[in-house]
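Note sheet for the following structure.
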Number of protein chains: 2
Amino acid sequence: MPADPTELQPRKQPRQVRAELTRQRILTAAAHVFAEYGYAAGTTNRIAERARVSIGSLYQYYPNKDAILLELMTRHLTAGIVAHRQRRDAEPSGTLEQALRAQVRAVIDNHRDDPNLLRIMFEHAPRSPELFRKIAQFEREHIAYAQQLLAEYPEVRVQDTYVAARLVVSTAELVIHKLMAEPDPLDVERLENEMVAMLLSYLTAPPRAEGEG
Amino acid sequence: MPADPTELQPRKQPRQVRAELTRQRILTAAAHVFAEYGYAAGTTNRIAERARVSIGSLYQYYPNKDAILLELMTRHLTAGIVAHRQRRDAEPSGTLEQALRAQVRAVIDNHRDDPNLLRIMFEHAPRSPELFRKIAQFEREHIAYAQQLLAEYPEVRVQDTYVAARLVVSTAELVIHKLMAEPDPLDVERLENEMVAMLLSYLTAPPRAEGEG
DNA sequence: CAAAGAACTGAGTTATTGCTCAGAATAGGG
DNA sequence: CCCTATTCTGAGCAATAACTCAGTTCTTTG
């Protein structure tokens, strides 16, 4: 439990090429080890062993175990944000259904990347303030984008686009990850269609009178 | 990591009243300690200390740490299943909206119980086969009930009630827990209404032609 | 090619924690 | 009130894992 936040920064900046390679090897090994053993049982010695690097080298670049997971998460989220912005700025969104489908696909692809590592990072997040902050920031950006998107379509008839955006983003993320996971993963195409259908019908349903039903 | 499944059974059955009290104190203390420190940092010594019981006593009733969490989870799920069956068998379900609302409310109440402990149990589940099995069984029952419910309402126009049931159950569970959690929890009443609206519109939307939109 | 410093090594230190066990305290039946 | 069974105690054992550091190897540079 690091009290000093600088303790999460890498200890030394590599000056030689081999050092950069070592860093990269450690990171790759950590991703595999965490995904296979989980965070607690993914020991630093195991990571070093898998990276074919001595434990001492590992601690030259990462002051502690948390710092390794933090960097993995940072890289993952950064890549996600970049891809996200590219999609947003590149082509026009098309119909509402197309836009929703694009978002749903992105989550599905994200899951396929490395479900185990992903799960471990998100599980560990509540105990690591740094991770928590990073994820929260990412989510905020996600929701802001979704809200902005909803505002573009007149057929979206929800009362409050902020609440709707949060609901849509959470639903897509959580439910897709859940239903793609073991045991009994759902057929991906089916899942995609149902998810799009659900979000679409929610967003475009006529506003309901109080106490209707 | 217990290899022998009998290692998860309590070691001895209490014969005197004080023993039963000790057992209960340990369990209550464990719930608090796990909720506050998480599973890894919630050490058995801390639990014993909080229960004002010696560490030796703890190990007379629980063969290892996992067994404590397992019993907490078992009690929680059992209570959930019982309440669930009572709701199902007691009154008629009413309209579809009313039935959905009842389910959504149940999840909300469930969350309010003890969100931290709940999160920890579900996080730890993947690493504990026993826990995993218990949860899976509970979910299966949940889905089966939902599927049966959907079949009762002609206005439900989904293709496959099994898939729809899984979607509905997962969505309610995950999204509610997420949006009620820190940071920035949503207003509960609002959440309830939106969730019901989303599920209802999904279930009753007219079937969509292929490639529509 | 030699000196300086960057990078690497891995046995060992330190701290933590799950869990044991020998014995003390308490309860209940005769 | 004694004897046996039950319950409780807590110092300490054993295992594990994060992390250090003194010394070695490799790179670069003047």
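Throughout, a chain's letter reflects where its sequence line sits, starting with A, and its residues are numbered from 1. Here the structure is a predicted model, which is why all the values come from computation and not from measurement.
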Can you find a side chain N or O atom of [X] that sits less than 4.0 Å from OP1 or OP2 on [N]?
X	N	result
A:Thr22	C:dC8	yes
A:Tyr59	D:dT20	no
A:Thr44	D:dA18	yes
A:Tyr62	D:dC19	no

Open item on the list: Does the protein touch nucleotides 23-30 of chain C at the base, only the backbone, or not at all? Give it as B, S and - per nucleotide, heavy atoms under 4.0 Å.
Closed with: ---BS---
Flag side-chain contact, heavy atom, 4.5 Å: [X] against [Y]:
X	Y	answer
B:Thr44	B:Tyr62	no
A:Leu191	A:Met180	yes
B:Pro126	A:Arg119	yes
A:Gln137	A:Leu77	no
A:Leu118	A:His177	yes

- [ ] Identify the two heavy atoms, one from B:Leu149 and one from B:Ala99, that lie closest to each other, and give their separation to 0.1 Å.
- [x] CD2-CB, 3.7 Å
- [ ] Identify the heavy atoms of B:Leu58 and B:Val53 that sit nearest to each other, and give their distance.
- [x] N-CG1, 4.1 Å
Task: Between C1' of D:dA17 and CG of A:Asn64, the distance in whole Å - done: 14 Å
Open item on the list: Rounding to an integer number of Å, can you tell me how far B:Gln60 CD sits from C:dA22 P?
Closed with: 14 Å
Task: Which nucleotide in C:dC19, D:dC8, D:dA18 has an atom nearest any side-chain atom of A:Thr43 - done: D:dA18
TODO: Please list residues of residues 45-58 of chain A whose heavy atoms come under 4.0 Å from any atom in DNA chain C, ordered by number; otherwise none.
DONE: A:Val53, A:Ser54, A:Ile55, A:Gly56, A:Ser57
- [ ] Check ring-ring contact (aromatic ring centres under 6.0 Å, His included) between B:Phe34 and all other residues, then give those that pass, not counting sequence neighbours.
- [x] B:Tyr39
Open item on the list: Is the ring pair B:His84/B:His142 parallel, tilted or perpendicular, if the boundaries are 30 and 60 degrees?
Closed with: tilted
Open item on the list: For B:Lys65 and A:Glu20, find the nucleotide of DNA chain C closest to each by heavy atoms; which residue's nucleotide sits nearer the 5' end?
Closed with: A:Glu20
